[in-house]
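Model, not experiment: these values are computed from the prediction.
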Amino acid sequence: MTKLKRIFFCLWGLLLGISLILQASPEKTRRPMTVDDALNMTRVGNALISPDGKWVFFSKSELNWEKNRRDTKYYLIPAEGGEEFQYIGQEGGNSFQYSPDGQYLSFKRSVDKKSQLFLMRTSGGEGIQVTKHKTNIGFYRWSPLSDKIFFIADRPRTEEEEKKYQAGEDVIFVDEGPNGQREGRWKQIWVFDVKSREETLLLDQDLIINELDISPGGQQVLFTARETNRRNDGYKDEIYLLDVSTQKIKKLTNNKAPEYSPLWSPTGKYFAYLAADDKEWLNRNSKIWLMDPATGQHQLLSSSFEGSIRGLYWSPDGQYIYFNGQQGVNTNLFRIKVTNKKIEKLTDVQGTIMVTGFSKDRRRYVYIFSDYDTPPDVYTSPVTSFQPTRLTQVNPWVEEEIELATMKVIRWKSVKDYEIEGLLHLPANYQKGTKLPLILNIHGGPAGCFTNSFRASYHIWAGLGYASLSPNVRGSSGYTDHLREGNTIHQGDGIGKGDYWDLMHGVDKVIADGYVDPNQMGLRGWSYGGILGGWTITQTDRFKAASIGAGVYDWSSEYGMGFNHDVRLWHIGGTPWDNPQAYRSQSAYSYVKNVTTPTLLIHGMRDTTDTEGQSMLFFTALKDIGQVPCRYLRVPREPHGFREPRHQRIRDIEEIKWMQKYVRGIEWQPWERKDDKEEKKEEKKSK
């Protein structure tokens, strides 16, 4: 071989080796997810499909860190895919609806601090204010003929009442008249004529009205309402029928079971609605019912469906009702035939499909889909066969850059032969047999649930090296009524009893299966997750750290302050004065001396669901006892669910610091946050 040939083959071999290395290398090194990644994610919502099925309207919400808020913009995109374009100006709006004939997009916008109706022609143009109502316009619905809009609004004060109110005579007489714990107003029903631009008052009675629907001919209105506004009187909601021409009403239901979402059939002969029962307020999944308004006779349609039902849509011929159905951790599209009650599953995905609208002919629908490693985006599909068209990809960087957790659904047996299902998230590079630190997630509700959908926190914890277990304990929705009622006094031992053991048996399973180091475990929960989390750390010393937020720790002191119908009717039974021992025995506060777990408490100071004093109560006890580290983040302006991005970041960062310190013994340093101005400067430099 000549010297030249030897040089050639050496170079060829070198180039081949480099080529093979490049082919074997990943295109991009993925990185763990951070709290800031979660805040930076764009969110989609408000997805509607035009009546002709050609266009999809949707919104994007993006972080504005500098102003400590999220900004929302609205877009239009072809329903079969294509280029999106911004559709509404900077002032935005809410409560968007298409008119049934597709001529208008309606929405609400605040004008002089009052919510008013706006109309925007779908052929083009600007949104035009069409009402100047004296009070805020609330729930509204188009008539099927597209000639009128029916809406609910507060009864206005008289001139004299308004004058006194502005002068400071604003004392709230609790639970009197339309007041609850906060000031309330009786509601009215109005109709707005699209052509003449005139408003007409249809109903003005002492009622708290929630929602309504209009008959096909526009002559009758179904609405739900109750006669009191006490905090726990939701079960007194009934369905009423209003005759538009005579303005007389008829009460169609009269029971102790709340009904909601009444929806006229296209023929106007029947209407569908949702309720857990037709006699009493039961802690069960909602069912689809059918009623003849002329006779008041009703029947249960969906008795064969086990799971949670949301969003009803009639077929044009009135033969079917379409609905979103959650069964276990997945949600799909179903339909039920009215004549024989047969249920068909129209999609069969592993994940969460939430249908938000149909074309008028019900041939196409729009939905938002996500699963554990796919962030939410907007899709459409024909009804006849599931053929998804993805319209948006608002967070491509997540799928391209982030090292996402893996997930598996696991099941285990718990006390009283309940089978519990949960989500187990593991780091992307998990090696079988490796024992990881554990985060036990506890959901809210107690009728909440963990679903196969994208939740950034799972991936953040996985990026930090943790396994996450998220159990759907007894009491969770989306399963059978038997499981839903499993934490009631009627079927079980109430809250904090069987559901506690569901958690612990799940923890035992992931330890036995070799995923988890039993000496490195923490728990976290919010709302009922905080309640059950607080209970758990009074019953066991197995957890090295706990982060519990927006919880209730003493049921007696919360009875008048917060939301108590469920503990009175289902989970404890009776009242604190008639059943004091039960209220004490199911309160974590009664056992606070048992706590050996370092505890972080978090609560918004404007929380009216679970009142903020509950966390102060528990924190003060822990501080006075003095046997465990504890910290309390008392957050201004925040309600039950935090809204301000800077508060959300502090909450999440402090929780991670707490877990790292007490679960793993790490003095963890959080990520540094770049503000919007710094990011914009870097973008300009890179360009």
Should the pair [X] and [Y] be assigned to parallel (<30°), tilted (30 to 60°) or perpendicular (>60°) ring geometry?
{"X": "Y87", "Y": "F85", "result": "perpendicular"}
{"X": "F334", "Y": "F305", "result": "perpendicular"}
{"X": "H133", "Y": "W190", "result": "perpendicular"}

For the side chain of [X] and the backbone of [Y], is there at least one donor-acceptor N/O pair under 3.5 Å apart?
{"X": "E211", "Y": "S261", "result": "yes"}
{"X": "S476", "Y": "C449", "result": "no"}
{"X": "N330", "Y": "G351", "result": "yes"}
{"X": "N472", "Y": "F450", "result": "yes"}

Greater than 12 external heavy atoms within 6.0 Å of [X]'s [atom1]:
{"X": "K256", "atom1": "NZ", "answer": "no"}
{"X": "E344", "atom1": "CD", "answer": "yes"}
{"X": "K54", "atom1": "NZ", "answer": "no"}
{"X": "L300", "atom1": "CG", "answer": "yes"}
{"X": "K342", "atom1": "NZ", "answer": "no"}

*Centroid-to-centroid, F96 to F57, below 6.0 Å?*
yes

Looking at [Y] and [X], is there a salt bridge between them, counting it only when a charged N and a carboxylate O are closer than 4.0 Å?
{"X": "D317", "Y": "R362", "answer": "no"}
{"X": "D204", "Y": "R155", "answer": "yes"}
{"X": "D377", "Y": "R390", "answer": "yes"}

*Between K108, Q116, E199, R197, which is the residue that forms a side chain to side chain donor-acceptor pair (under 3.5 Å) with T131?*
Q116

*asked:* If the test is salt bridge (Lys or Arg N to Asp or Glu O under 4.0 Å), which one of K187, R185, K114 qualifies with D154?
replied: K187

*Start with the C-alpha gap between N46 and S59, add the side-chain angles, then the distance that decides, and say whether side-chain hydrogen bond (donor to acceptor under 3.5 Å, both in side chains) holds.*
CA-CA 6 Å; N46 294 287; S59 66; 2.8 Å; yes

*side chain to side chain contact (heavy atoms under 4.5 Å, CB included) partner of S414, the single match among D499, D502, V473*: D502

*Starting at NZ of K413, measure out to CD of E419 and round the result to the nearest 0.5 Å.*
5.0 Å

